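Reckoned from all heavy atoms, side chains included, excluding hydrogens, waters and symmetry mates. Count residues from 1 along the sequence. For ligands, and for the atoms within them, numbers begin at 1 and follow the listed sequence. Just so you know, these numbers come straight off a predicted model, no measurement behind them.
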Amino acid sequence: MTQSVFVLNGPNLNLLGTREPAVYGSQTLADVEQICAAACQRHGLELVFRQSNHEGELVDWIHEAGRLHAEGKLRGLVLNAAAYTHTSVALLDAVKGTGVPMIELHISNVHAREAFRHHSYLSAAAKAVMCGFGVAGYGLAIDAMAGWKA
Ligand code: DQA
């Protein structure tokens, strides 16, 4: 059975391309989706790629990913929760509550930025954390996930 990979993006990531290009680069979210699609294709995985500016919608999607994982239909979740990384107990609880294997991802190196970006509520529930690779990180995360047990 072909497994899928969920890539979920949080608030303001729809603005990629024009949003603080010195920090996030000039590639758009559509470009990021292409990077993810190419990585999934390399590994015979199906891509589900979404973005929301709403915390509850992200919670619902993590639950959906969790259900698929329980059925053996999902390899894992790449989660760039954006600003919710630094604020959201709800997203932490969603990942913990579903047990979905998750890679926490940030385009920028959050540790080289403002102090409020140094803490992540999500890292405690992540299998792996990656930041600072730019949008290429998404492809690297999927490459890593492809090596996980199906
Ligand atoms: C981000 C880093 C967060 O601190 C920020 O709020 C974002 C994007 C990143 O991808 O580098 O919106 O998650």
List the closest protein heavy-atom neighbour of [atom]: residue, atom name, distance to the nearest 0.1 Å.
atom	answer
atom 7 (C) of ligand 1	Tyr24 OH, 3.4 Å
atom 5 (C) of ligand 1	Arg117 NH1, 3.3 Å
atom 11 (O) of ligand 1	Ser108 OG, 2.6 Å
atom 4 (O) of ligand 1	His86 NE2, 2.7 Å

Could you tell me if the side chain of His63 sits less than 4.5 Å from the side chain of Val59, heavy atoms only? yes
Check for a donor-acceptor pair, side chain of Asn53 on one end and backbone N or O of Asn12 on the other, with a separation under 3.5 Å. yes
Heteroatom proximity flag, Ala83 to ligand 1, N/O under 3.5 Å: yes
Is His106 close to ligand 1, meaning an N/O of one under 3.5 Å from an N/O of the other? yes
Can you tell me how far the [atom1] atom of [X] sits from the [atom2] atom of [Y], to the nearest 0.5 Å?
X	Y	atom1	atom2	value
Arg75	Thr2	CZ	OG1	10.0 Å
Thr28	Gln34	OG1	CD	9.0 Å
Leu8	Leu77	CG	CG	5.0 Å

Nearest heavy atom to atom 10 (O) of ligand 1: which of Ile107, Asn109, Val135 does it belong to? Ile107
Could you check whether any heavy atom of [X] sits closer than 4.0 Å to an atom of ligand 1, since that is the contact criterion I want to use?
X	value
Asn80	yes
Asn12	no
Arg19	yes

Using the rule given for side chain to side chain donor-acceptor pair (under 3.5 Å), can you reason through Thr85 versus Glu104, listing the C-alpha separation, both sets of side-chain angles and the distance that settles it, and then say yes or no? CA-CA 9 Å; Thr85 306; Glu104 174 185 343; 5.0 Å; no
Answer yes or no: does atom CD of Gln41 have more than 12 heavy-atom neighbours from other residues, nucleotides or ligands under 6.0 Å? no
Member of Leu140, Ile107, Asn80, Val78 meeting the side chain to side chain contact (heavy atoms under 4.5 Å, CB included) criterion with Met130: Leu140
Considering the heavy atoms of Val110, write down every atom of ligand 1 situated less than 4.0 Å from one of them. 2 (C), 4 (O)
